[in-house]
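Heads up: the structure comes next, in structure tokens.
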Amino acid sequence: MSRCSPALLLIIIACTAQAAEHFDGNTWWDTVKEISDDKYEGRDTGSKGEHQAQEFIVGKLKSLGVEPAGSNGYFQSVKLRTVEIDEPHCQLSLVQDGQAQALTLGEQAYFSTRYPLAPKVDAQLVFVGYGLNIPEKNYNDFSGLDLKNKVAVILTGSPADVPSALSAHYQSRAERWKALKAAGAIGLIQIQNPASVDLPWARSALNRNHPSMDLIGPEFDETSGSKVAVAFNPAYADLLLRGSGHTFAELAALGKDRKPLPHFALKVSLSATTATRSRDVNSTNIVAQIPGTDPTLKADYVVLSAHIDHVGIGEPINGDRIYNGAMDNGSGSALLLDIARSLKQTHTTLKRSLLLVWVTGEEKGLLGSKYFAEHPTVAPKSMIADINTDMFLPIIPLKILTVYGLAESDLGDRVKQVGDQLNVQIQPDPQPLLNVFIRSDQYNFVRHGVPSLMIDVGAAPGSPDAAIIKAWRTERYHAPSDDANQPVNLATAAAYEEVIRTLVIEVANDPKRPQWKRDSFFRRYADTASP
């Protein structure tokens with residue numbers, strides 16, 4: 001999908017699953033256009049633009065009579081610390097037989113500030129396959145390997161016999177580093193599996209020096225002991241494999257089909273010099289509520305969540321530096337407001353309370369939801385479900401919904417019932433290599449024992465609609481062209497909102513709390529959640 005000319009920037013209204021009763025797409029789209037306006041400068045986490053967009057949301061909540069859900073009003077403070085690479089003072093080389101080959105940062109590799117970086121690292125390299133330790137499947141990429149004080153080289157992905165939600169969990173930053181640290185590693189080099197690329201290398205490398213962020217506080221330290229982290233361009237991955245007897249084409253072919261990968265010491269070692277700078281940043285979550293009416297159930301909360309931040313101002317693409325984030329995630333932020341508007345204006349009563357949470361810092365590593373799940377403004381055990389919306393892409397007719405976490409709790413069964421009611425097909429994650437389950441804010445609720453889902457507009461694998469979604473991800477995802485000047489299917493947006501509204505009402509009014517499935521790995525978090 002190429003970027004449309006102004007003459008073609010029309011809003012597409014197409015036939016969809018079923019006409020929405022409570023939504024027309026227009027109020028949703030008006031909010032998306034406002035939130036993604038250039039004046040908010042891409043809503044970077046903790047920025048003036050993000051705060052102004054949050055003030056807009058709060059103003060609308062006040063006008064609707066939607067109450068705050070915290071002791072400090074609508075806003076929950078989230079304290080963050082940035083880390084920014086000083087690339088001109090950094091160097092990365094591969095060393096073989098005493099000869100160092102300097103790598104071009106941005107072209108062949110770049111440093112990741114999502115892990116701590118030591119000023120100087122010289123270390124041997126070991127290829128560790130997918131770099132996973134999954135006890136539930138008796139799978140351990142580190143078994144028998146000597147990784148003490150070495151750097152692990154990983155091809156992203158997972159074995160085919162591991163369910164997608166479980167494999168995604170073990171590929172999260174916290175779980176990944178826990179396994180690497182236990183094996184003795186001091187760092188990692190990640191090579192993106194070509195079969196699971198969201199962003200072309202050139203696009204991901206373009207803003208590689210944009211500051212990363214993390215939460216301030218020892219309870220949020222997930223990567224202590226790391227000394228180096230590098231993203232490596234798959235096009236140059238054979239530089240790492242020189243003399244090993246393996247080629248990247250061989251490894252990528254195995255990874256594409258999620259087949260077992262070999263493990264072996266590499267003949268090249270790593271030499272890295274880094275320099276970083278940091279500063280503290282204050283941001284906020286927005287937390288609001290529509291109280292329930294049932295004397296017994298109103299103390300429970302159904303959480304409806306979406307992130308409001310995006311990536312701000314970045315390197316120009318076609319002369320545009322503002323990464324507006326209309327679909328990512330103006331779409332979800334607008335949906336929350338539209339659901340609240342519909343419930344209030346139709347005087348719909350809910351037995352349980354509805355908690356509306358616009359989180360910050362999703363683009364920096366799910367930070368706002370991580371903070372909120374750890375320090376909720378309501379009793380932790382009162383949150384009985386999270387329904388998360390992130391970049392749901394109403395750009396095709398709504399025939400299918402993709403539900404992440406579909407098989408993990410009976411929330412999935414309820415979504416299927418709503419789908420049947422509204423004539424929408426439900427499918428599980430069709431692209432497990434993308435690890436979507438851990439890449440949005442529902443994951444932090446899951447880790448605190450709350451049955452959770454994320455729901456997207458979906459398409460049958462291999463269909464023309466799937467090609468449209470893939471083209472959008474390639475060309476507009478995390479690009480300035482994700483703005484209000486793009487085609488959007490208002491009928492799909494309205495029908496999607498109808499699904500979420502119906503699901504919220506059914507969960508809120510069902511006397512039975514959602515439950516984890518007995519065989520779900522994530523059930524253990526409910527058993528260990530704090531009271």
Side-chain angles (χ1 to χ4, degrees), residues 35 40 43-82 213-222 280-291 299-310 312 329-330 332-337 339-340 353-390 440-450 452 529-531:
I35 290 173
Y40 298 129
R43 307 186 310 279
D44 196 9
T45 304
S47 69
K48 178 181 177 182
E50 185 198 32
H51 183 68
Q52 289 174 329
Q54 290 172 328
E55 289 283 4
F56 167 80
I57 293 291
V58 168
K60 292 294 185 182
L61 291 172
K62 290 178 177 178
S63 69
L64 290 170
V66 178
E67 305 172 7
S71 58
N72 294 317
Y74 294 96
F75 293 106
Q76 180 189 42
S77 178
V78 180
K79 297 187 181 301
L80 305 161
R81 181 165 293 135
T82 72
M213 290 185 181
D214 222 331
L215 292 162
I216 295 175
E219 71 268 39
F220 300 116
D221 184 2
E222 299 174 339
D280 291 354
V281 172
N282 291 323
S283 190
T284 53
N285 295 324
I286 301 170
V287 192
Q289 65 178 323
I290 297 177
D300 289 346
Y301 289 90
V302 178
V303 182
L304 198 55
S305 59
H307 74 91
I308 192 169
D309 65 304
H310 195 49
N329 186 31
S333 294
L335 175 130
L336 264 61
L337 199 59
I339 296 291
S353 300
L354 176 63
L355 199 66
L356 300 153
V357 186
W358 287 262
V359 295
T360 186
E362 189 271 352
E363 300 290 0
K364 300 298 192 291
L366 316 185
L367 301 182
S369 60
K370 184 184 295 183
Y371 186 85
F372 180 81
E374 186 72 28
H375 302 287
T377 60
V378 298
K381 288 285 191 179
S382 70
M383 297 186 293
I384 62 128
D386 173 54
I387 302 164
N388 187 53
T389 298
D390 185 358
S440 197
D441 296 296
Q442 74 282 342
Y443 180 57
N444 284 318
F445 289 94
V446 167
R447 292 182 67 188
H448 282 77
V450 181
S452 305
S530 58

* Structure fact -> The single option from Ile339, Val357, Ile290, Leu355 that satisfies side-chain contact (heavy atoms from CB on, under 4.5 Å) with Leu304 is Ile339
* Asked: Can you say whether the rings of Phe445 and Phe372 are parallel (under 30°), tilted (30 to 60°) or perpendicular (over 60°)?
  -> tilted
* Asked: Shortest non-hydrogen contact from Leu215 to Val78?
  -> CD2-CG1, 3.5 Å
* **Residues Ser305 and Asn388: side-chain donor-acceptor under 3.5 angstrom** => yes
* Within a strict 4.5 Å, meaning less than it, do heavy atoms of the Glu67 and Pro291 side chains meet? -> yes
* Side chains of Val303 and Val450: does their closest heavy-atom pair fall under 4.5 Å? -> no
* May I ask you to decide if Lys60's main-chain N or O and Ser63's side chain share a donor-acceptor pair within less than 3.5 Å? => yes
* Asked: Do any N or O atoms from the side chain of Asp280 and from the backbone of Lys79 form a donor-acceptor pair under 3.5 angstrom?
  -> no
* Please answer whether the main-chain N or O of Ser452 pairs with a side-chain N or O of Asp386 as donor and acceptor at a distance below 3.5 Å. => no
* **Whether Asp309 side chain and Arg43 backbone form a donor-acceptor pair below 3.5 Å** => no
* Could you pull out the closest heavy-atom pair between Lys364 and His310, with the gap in Å? => NZ-O, 4.3 Å
* Asked: What is the minimum heavy-atom distance between Pro376 and Met383, and which atoms define it?
  -> CB-CE, 3.8 Å
* Determine the sole option in Ile286, Asn329, Val287 for which the side-chain contact (heavy atoms from CB on, under 4.5 Å) test with Trp358 is passed. => Ile286
* To do: Taking all heavy atoms of Glu50 and all of Ser283, pick out the closest pair and write down the distance.
  => OE1-OG, 2.9 Å
* Backbone of Thr284 reached by a side-chain donor or acceptor of Gln76 within 3.5 Å -> no
* Does the side chain of Glu55 come within less than 4.5 Å of Tyr74's, by heavy atoms? -> no
* Structure fact -> All heavy atoms of Leu367 vs all of Leu80, minimum pair found to be CD1-CD2, 3.7 Å
* Structure fact -> Note: Thr45 and Met213 closest approach over all heavy atoms is O-CE, 3.2 Å
